[in-house]
Amino acid sequence: MLEQVKQSLREELKKALKNSGVREDDIPEIGFEAPKHIKFGDLSTSVALGIARLLKKNPRETAEELLRNINLDKAVISKAELAGPGFINFFLSDSYLNALIRKAAEGEVFYSAGTGAGKKVNIEFVSANPVGPLNVVNARAAAVGNAIANLLNNAGFKAHKEFYVNNVGNQTNTFGRSVSLRYEELLGRKIEFPEDCYGGEYVKEIAKQLIAKEGDKYLTKTEEERIEIFKPVGLALMIEDQKKSLRAYGVEFDLWFYESELHERNELERAFNKLKEKGMVKEEEGAKWFTSTAVTDKEGKPLDDKDRVLIKSDGVPTYLLPDIAYHFGKINRGFEIIVDILGPDHHGYIGRISAAVKVGGLLQENFRVLIAQQVNLIKDGKPFKMSKRQGNFISMDELVEEVGADAAKYFFLRRSLDSHLDFDIDLAKKQTEENPVYYVQYAHARICNVIEYAKKSGVLTSDFSLVDYGLLKAPEEAELLRKVASFGDCLNHSALNFAPHLVPKYLEELAGLYHSFYAKCRVVTGDKELTAARLALCFGAKNILREGLKILGVGAPQKM
RNA sequence: GCGCCCAUAGCCCAAUUGGAUAGAGCAUCUGACUACGAAUCAGAAGGCUGCAGGUUCAACUCCUGCUGGGCGCACCA
């Protein structure tokens, strides 16, 4: 809704700029900010500052001229004024704000900007190897990926969540061997457990399940035979386990894509041929290479710093070829925007995959790789190293058990993706009661309670069309109202920048404003008109809190 | 050695992508419950945004060079 206001202001400003003698080509993209201070209005633009240089005029004079030439819809903008070095500040009219709060109160979706225009977005995240339980970084990626998908959908995109299962390759053989060894051990054989095998308890659990089901009948087989049998069974159990963890966490995927399918459908060969057709394959030292350094960005800089082996000299493909095939597949399935969320140890991988995707025909700006930075676990005041091999890592399940899914997700989503995150386990446990998620959830529960009270008192209204919003004049009311009005802005900005952490921020501010309002302005009083207006504000805030939390994948309890 | 990420209040983090007086929470201090939930509110205090330059009307934000921390740099995945 606010987006429309911006658009019409933009057009007005363009006209005014032309009027001032700016050539069409020189008109810059006109952006608006929401000023921090209420005295600077609701929307602010700094075009005059930029354009003044071009016109060789004083910025304030330029702004004044623009202000004279601009036609404002009084129903939407009550005033526009010059401020500071040359800002133009716009103030939303009461009637506009009233219409907006009414929509919010009625629960109407007024905050989707629709900028996505139905574009199909593929967002791949977590994609952990199926050789162990999900860990804390996976939990971070899961929370963030899920929230980004929700944000994109809200902004009018069609987001599709995908989990890529690496069920082929060396690590799966190691995994099969680990299971086999534990199987022998549990049945009384003496074994040497090598360091490069997976030593986690979960491997024993899988072996136990195999024994419970099938007994000791595989003891007579050779290790190779056992691995062949145990590998698929073990992987399937592991994948089930990962699915279960994610379900308990509240994150569902649209598709679990198995690498093995690529092999079965000859997609590797097809991808290889496509690269070859495009002249992006060379042969050297008996291996076949992807000349990724030959792919350049707009400035002509290579996307990758080294060429990469696709097929080794022994004829076996590297991991990269299936990955490329997978990404080509995404393009073929009609996705217009592709997003990968990778772990911190894969940032070196961005270059080669970006190069491949570009060769695959997707514009570089439509491929985004986000790195979920590392999560350092701190326990007893000391760093806690994660290692799948040693098996002494904290799993996603354990994290959820200790702090709860809502709190865990919220905790991850508060931080921007690219910040390294110290996760103090003891503190997270201790903080359960002072975690900001409770602050936001409490605001929601509190509103529900007020509404409940209003209902009991017989003053609840469901028709907001008769409400006189002009009564909401206290500073606490005005600020809350404006915050409600800016929800769409927050979501849109957050979606377009893949920055879900802005949402918790917004919600905490909204919750804070509500708490202040609550403390200062009693909702249910003898004044019927005022009660109705304040109730409308409550409904608006409540709807937004619920929607915002929903986007984050966090619950909005009515009682706590 | 090369590349990527990070450095902001005592602690943990924001800052609408270059905007106006850098903001929340935790911790600390002061005050507020016989009317809708005190998991709350009001207030105080806390800063040379790691250091040094540069770009411009404007820099936490961009460029260069340092310092310190993390992670990568396979014919592994």
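All figures in this text were calculated on a predicted structure; none of them were measured in a lab. Below, read A as the first sequence line, B as the second, and so on, with proteins coming before strands; counting in each chain starts at 1.
- Put simply, the side chain of A:H515 and the base of B:C41 share no donor and acceptor less than 3.5 Å apart.
- Here, B:A14 and B:A24 have their C1' atoms 7 Å apart, quoted to the whole Å.
- Using a 4.0 Å heavy-atom cutoff across all strands shown, A:C521 reaches at least one base atom of the nucleic acid.
- Backbone-only engagement by A:S419 is indicated by non-hydrogen atom pairs under 4.0 Å involving sugar-phosphate atoms exclusively.
- When the C1' atom is compared between B:G46 and B:G10, the two are found 9 Å apart, to the nearest whole Å.
- Across residues 501-512 of chain A, A:H501, A:L502, A:K505 each have a non-hydrogen atom less than 4.0 Å from an atom of RNA chain B (numbered order).
- With hydrogens and angles ignored, no donor-acceptor pair closer than 3.5 Å exists between the side chain of A:D489 and the base of B:U16.
- The side chain of A:A83 sits closest to B:A20 out of B:C13, B:A20, B:C36.
- Within the 4.0 angstrom heavy-atom criterion, only backbone atoms of the sugar-phosphate kind lie near A:Y439; the bases stay farther away.
- Relative ring orientation between A:Y514 and A:Y518 is described as tilted, the plane-to-plane angle lying within the 30° to 60° band.
- Looking at heavy-atom distances under 4.0 Å, A:P344 makes contact with sugar-phosphate atoms alone, never a base.
- Residue side chain A:N173 does not reach the base of B:A77 through any donor-acceptor N/O pair under 3.5 Å, judged by distance alone.
- Considering only residues two or more places apart in sequence or on other chains, A:R60 meets the side chain to side chain contact (heavy atoms under 4.5 Å, CB included) condition with A:N58, A:L82.
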Scan nucleotides 73-76 of chain B against the protein and return all N/O pairs shorter than 3.5 Å with their distances rounded to 0.1 Å.
from, atom 1, to, atom 2, distance (Å)
B:C73, O3', A:K306, NZ, 3.4
B:C73, O2', A:K306, NZ, 2.4
B:C75, O2, A:S313, N, 2.7
B:C75, O2, A:S313, OG, 2.8
B:C75, N3, A:S313, OG, 3.2
B:C75, N4, A:E285, O, 2.6
B:C75, N4, A:E285, OE1, 3.3
B:C76, OP2, A:K312, NZ, 2.6
B:C76, O2', A:N170, ND2, 2.9

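- The aromatic rings of A:F257 and A:Y326 lie tilted to each other, with the angle between the two planes from 30° to 60°.
- Closest contact between the side chain of A:V450 and the listed nucleotides B:A77, B:C36, B:G19 involves B:C36.
- Nucleic acid contact class of A:N89 (heavy atoms, under 4.0 Å, all strands): base.
- In the set B:A39, B:G72, B:C41, the nucleotide with an atom closest to the side chain of A:A519 is B:C41.
- Classified by interplanar angle (parallel below 30°, tilted 30° to 60°, perpendicular above 60°), the ring pair A:W256/A:F163 is parallel.
- Between A:F175 and A:Y198, the ring planes lie tilted relative to each other; the angle falls in the 30° to 60° range.
- Judged by distance alone with a 3.5 Å cut-off, a donor-acceptor contact links the side chain of A:H347 to the base of B:G3.
- No contact: A:D323 has no heavy atom under 4.0 Å from any strand.
- In textbook terms, a nucleotide whose glycosidic angle is within 90° of 0 is syn, while B:U21, being further out, is anti.
- Comparing the same atom, P, in B:A20 and in B:A15 gives a spacing of 14 Å after rounding to whole Å.
- Using a 4.0 Å heavy-atom distance criterion, A:R446 is classed as a sugar-phosphate-only contact.
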Exercise. Would you check, one step at a time, whether the test salt bridge (charged side-chain N to carboxylate O under 4.0 Å, His left out) holds for A:K6 with A:D489?
Key: CA-CA 11 Å; A:K6 286 185 189 172; A:D489 226 27; 2.7 Å; yes

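- The main-chain N or O of A:V440 is never found under 3.5 Å from a side-chain atom of A:H444 such that the two would form a donor-acceptor pair.
- Residues A:Q373 and A:L421 form no side-chain contact, since every pair of their non-hydrogen atoms from C-beta on lies 4.5 Å or further apart.
- For A:N543, the side chain to side chain contact (heavy atoms under 4.5 Å, CB included) partners are A:R546, not counting sequence neighbours.
- Nearest-nucleotide assignment on RNA chain B puts the 5′-proximal partner with A:S416, out of A:S416 and A:Q558.
- Although no hydrogens or angles enter the test, the distance criterion places a donor-acceptor pair under 3.5 Å between the side chain of A:N167 and the main chain of A:E259.
- A side-chain donor-acceptor contact under 3.5 Å links A:D42 to the backbone of A:L92.
- For the pair A:S516 and B:A42, the criterion of a side-chain N or O lying under 4.0 Å from OP1 or OP2 is met.
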Quiz item: So what does the secondary structure string of RNA chain B come out as, 5' to 3', with Watson-Crick or wobble pairs under 3.5 angstrom, [ ] for crossing and | for pairs with another strand?
Solution: (((((.(..((.(.....[...).)).(((((.......))))).....(((((..]....)))))).)))))....

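- Spacing of C1' atoms, B:A27 relative to B:U16, comes out at 29 Å, to the nearest Å.
- Sorted by residue number, the members of residues 31-44 of chain A with any non-hydrogen atom under 4.0 Å from RNA chain B read A:E33, A:A34, A:K36, A:K39, A:F40, A:S44.
- Taking atom C1' on both B:G65 and B:G25, the two are 36 Å apart, rounded to the nearest angstrom.
- Residue-level contact check: A:V168 touches the backbone only, with heavy atoms under 4.0 Å from sugar-phosphate atoms and none from bases.
- Listed for the A:S313 side chain is no donor-acceptor partner under 3.5 Å among the backbone atoms of A:A287.
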